[in-house]
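Quick one: structure below, then a few questions.
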Amino acid sequence: AAAAAAAPATEAAPSGPTTPTVPTLPPAPPSPYVGSEAHRRSVIFQLYESGKRARDIIKETGYGKTQVYDTVRKIAAGRDVTKRKEGSGSLRRLSGVAQEYMESLIRTNPHSTCTTIAASLASNRPGGETASCRTIRQYLATRMGYRYDRRSKKYVLNDAAKNSRLSWAILHSGDDFSRTVFADEVCFAIDSEGEVVTWHSRDEVRAGGHIDSFRAILRVLGAVSIFGTTGYLAFASSWDSKTLAEKFAEKVLSSATGFFGRNWRLQLDAESDTVRQAEYDLHQCGVPAIYFQPSPSPDLNPMDYVWLQLKQLVNAHGCQDIEQLQAAITLEWATVSSTTIEHLVTGMPKRLQTIIDTSGEMTSFYP
């Protein structure tokens with residue numbers, strides 16, 4: 001009994017199942033295939049270039065079939081899949097300082113273009129940021145609630161207009177346009193905003209596409225031939241048929257006679273009633289022959305292209321009165337390219353043939 005008492009007591013065995021001890025493993029290294037869309041495309045490109053097929057790439061990387069096969073197809077077509085396509089992706093975030101700066105520019109001058117805003121951001125760097133024209137345009141339109149209106153004249157051709165153009169094209173398809181003086185009358189206007197393009201808030205009520213009120217109107221008559229602008233430009237606040245003929249005879253008649261002698265003709269737009277009424281007076285002034293093009297047909301008179309370019313250049317001057325407007329037109333008129341006008345004149349037979357082929361539709365052969 002004493003020996004038993006002296007013996008050390010043994011610990012009772014635990015009842016029930018025992019839990020095995022699990023050793024702690026080091027963290028797994030990050031997969032080289034996990035990353036952005038661009039990273040995944042780069043991985044597919046590298047594996048494909050190493051000689052692996054699409055299904056092998058899918059097994060190795062775990063990427064989706066659609067992505068792998070589409071990327072491999074683009075690589076096989078010779079496209080660069082490692083670079084993001086220009087203009088794709090989400091819009092870059094601009095700081096509040098940059099947004100406030102852009103909005104201040106719009107409020108100060110609603111006619112600011114994206115190019116001028118981008119240049120101002122680059123020079124002043126508000127918040128230390130710059131932005132491309134695309135970013136500015138999208139930010140103002142989608143994030144800041146602005147829209148950009150460009151008022152333009154749209155030509156609508158009904159069946160009668162198409163038939164008239166077709167008949168005229170067939171009649172004059174064999175003419176020598178190198179001995180033609182193209183003349184046209186146009187109206188340059190300074191409206192209440194000073195421009196014809198403007199940014200405005202989306203909730204602002206505007207008469208879209210129309211100029212509501214004018215501060216000044218200047219009517220301009222110009223003429224060009226295969227030799228260029230023929231040194232002719234005339235201004236008036238309004239025209240009547242007699243004044244128009246006198247202004248025309250004052251400069252263009254002597255210039256055209258010097259180029260062509262008596263073997264030339266004058267082409268005008270039939271849209272203007274004043275021009276049609278001036279036909280008799282123009283003949284009396286010594287114009288050998290007069291042709292009227294169907295209306296609307298801006299593609300049949302190079303002067304329409306000249307006016308289009310000239311208006312864009314003159315708008316940049318920011319004219320505030322008639323004197324400034326006339327000076328700007330005269331200045332930009334001197335810069336009109338003779339090569340461009342020659343291209344337009346020599347391209348007349350091609351445009352006429354296109355009108356014939358399309359049964360009178362508008363052409364687009366401007367350079």
Set of residues satisfying side chain to side chain contact (heavy atoms under 4.5 Å, CB included) with respect to Q67, sequence neighbours excluded: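 Side chain to side chain contact (heavy atoms under 4.5 Å, CB included) list for Q67, sorted by chain: E37, R40, I44, Y63, T71.
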Shortest non-hydrogen separation from G127 to V97 and the atoms involved: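 In this case the closest contact between G127 and V97 is N-CG1, 3.6 Å.
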Please report the interatomic distance CD(E342) to OG(S225), rounded to the nearest 0.5 Å.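 With rounding to 0.5 Å, CD (E342) is 10.0 Å from OG (S225).
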Tell me the salt bridge (charged side-chain N to carboxylate O under 4.0 Å, His left out) pairs involving residues 62-71, sequence neighbours left out?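 Of all non-adjacent pairs touching residues 62-71, those that pass salt bridge (charged side-chain N to carboxylate O under 4.0 Å, His left out) are D70-R73.
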Any donor-acceptor N/O pair, N124 side chain to P126 backbone, under 3.5 Å: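 Absent.
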Is any side-chain heavy atom of T335 closer than 4.5 Å to one of E332?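 Result yes, sub-4.5 Å side-chain heavy-atom pair found.
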Contact between V336 and L310 at the side-chain level, heavy atoms closer than 4.5 Å - yes or no?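 Heavy-atom side-chain distance check passes, below 4.5 Å.
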Other cluster members, I356 - Ile/Leu/Val/Met/Phe/Trp/Tyr, side-chain contacts below 4.5 Å: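 Reading the cluster by chain and number, I356 sits alongside L166, I170.
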Starting from I329, can I reach L313 by hopping between I/L/V/M/F/W/Y residues whose side chains sit under 4.5 Å apart?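 No: no chain of side-chain contacts under 4.5 Å links L313 to I329.
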Qualifying residues under salt bridge (Lys or Arg N to Asp or Glu O under 4.0 Å), relative to R55, sequence neighbours excluded: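 Expected list: none.
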Heavy-atom side-chain proximity of T340 to Y305 below 4.5 angstrom: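 Yes, close enough: below the 4.5 Å cut-off.
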Could you tell me whether the side chain of S50 and the main chain of L47 form a donor-acceptor pair under 3.5 Å?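 Checking the backbone N and O of L47 against the side chain of S50, a donor-acceptor pair under 3.5 Å is found.
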Measuring from atom CD1 of I355 to atom CZ of R165, what distance do you get when rounded to the nearest 0.5 angstrom?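 The CD1 atom of I355 sits 4.0 Å away from the CZ atom of R165.
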When you compare the side chain of L121 with that of I136, does any pair of heavy atoms fall below 4.5 Å?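 Side chain of I136 against side chain of L121, heavy atoms only: contact under 4.5 Å found.
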With sequence neighbours excluded, tell me which residues meet side chain to side chain donor-acceptor pair (under 3.5 Å) with D357.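 Applying side chain to side chain donor-acceptor pair (under 3.5 Å) to D357 gives Q353.
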Can you name the side chain to side chain donor-acceptor pair (under 3.5 Å) partners of S178, sequence neighbours left out?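 Partners of S178 under the side chain to side chain donor-acceptor pair (under 3.5 Å) test: D176.
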Quick check: does any side chain N or O of R351 sit under 3.5 Å from a backbone N or O of L344, one acting as donor and the other as acceptor?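 Yes; at least one donor-acceptor contact below 3.5 Å.
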Contact between T180 and D175 at the side-chain level, heavy atoms closer than 4.5 Å - yes or no?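 In short, these two side chains do not touch, never coming nearer than 4.5 Å.
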Contacts of R179 that satisfy side chain to side chain donor-acceptor pair (under 3.5 Å) - sequence neighbours left out: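 Applying side chain to side chain donor-acceptor pair (under 3.5 Å) to R179 gives none.
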Please give me the minimum heavy-atom distance between A183 and N301, naming the atom from each residue.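 Looking at all heavy atoms of both residues, the closest pair is O-ND2, 3.2 Å.
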Contacts of type ring pair (Phe, Tyr, Trp, His ring centres under 6.0 Å), residue Y291, not counting sequence neighbours: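 Residues passing ring pair (Phe, Tyr, Trp, His ring centres under 6.0 Å) with Y291: H172.
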Are a donor atom and an acceptor atom from the side chains of S95 and E129 found within less than 3.5 Å of each other?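 On atom types as modelled, these side chains qualify, holding a pair under 3.5 Å.
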Which residues pass the side chain to side chain contact (heavy atoms under 4.5 Å, CB included) test with S164, sequence neighbours left out?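 Once residues adjacent in sequence are excluded, the partners of S164 under the side chain to side chain contact (heavy atoms under 4.5 Å, CB included) criterion are P294.
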Please answer whether the main-chain N or O of D299 pairs with a side-chain N or O of D304 as donor and acceptor at a distance below 3.5 Å.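 No, because the side chain of D304 does not come within donor-acceptor range (under 3.5 Å) of the backbone of D299.
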Shared ILVMFWY cluster between F292 and M348, side chains joined below 4.5 angstrom?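 F292 clusters together with M348.
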Closest non-hydrogen atom pair, W264 against V287: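 Nearest pair, atom of W264 first, then V287: CH2-CG1, 4.1 Å.
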Fit a plane to each ring of W168 and F177, take the angle between them on a 0 to 90° scale, and name the class: parallel (under 30°), tilted (30 to 60°) or perpendicular (over 60°).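 It falls in the tilted class, 30° to 60°.
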How would you list, by chain and number, every residue that makes a side chain to side chain contact (heavy atoms under 4.5 Å, CB included) with S167, sequence neighbours excluded?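 Side chain to side chain contact (heavy atoms under 4.5 Å, CB included) list for S167, sorted by chain: empty.
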Would you please name every residue forming a side chain to side chain contact (heavy atoms under 4.5 Å, CB included) with S104, sequence neighbours left out?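 Partners of S104 under the side chain to side chain contact (heavy atoms under 4.5 Å, CB included) test: Y101.
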Does P302 reach the side chain of H343, with side-chain heavy atoms less than 4.5 Å apart?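 With C-beta onward as the side chain, the pair stays apart.
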Under the side-chain contact (heavy atoms from CB on, under 4.5 Å) criterion, do V220 and W333 qualify, and how do the steps go? CA-CA 11 Å; V220 189; W333 176 261; over 6 Å; no
My understanding is that only residues two or more places apart in sequence, or in another chain, count here; which of them pass side chain to side chain donor-acceptor pair (under 3.5 Å) with T358?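 So T358 forms no side chain to side chain donor-acceptor pair (under 3.5 Å) with any residue.
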Does CZ belonging to F45 count more than 12 external heavy atoms closer than 6.0 Å?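 No, because the 6.0 Å sphere around CZ of F45 holds 12 heavy atoms or fewer from other groups.
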Is there a side-chain contact between F182 and V345 in this structure, where contact means two heavy atoms from C-beta onward sitting under 4.5 Å apart?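 When only atoms from C-beta onward are counted, V345 and F182 do touch, with a gap below 4.5 Å.
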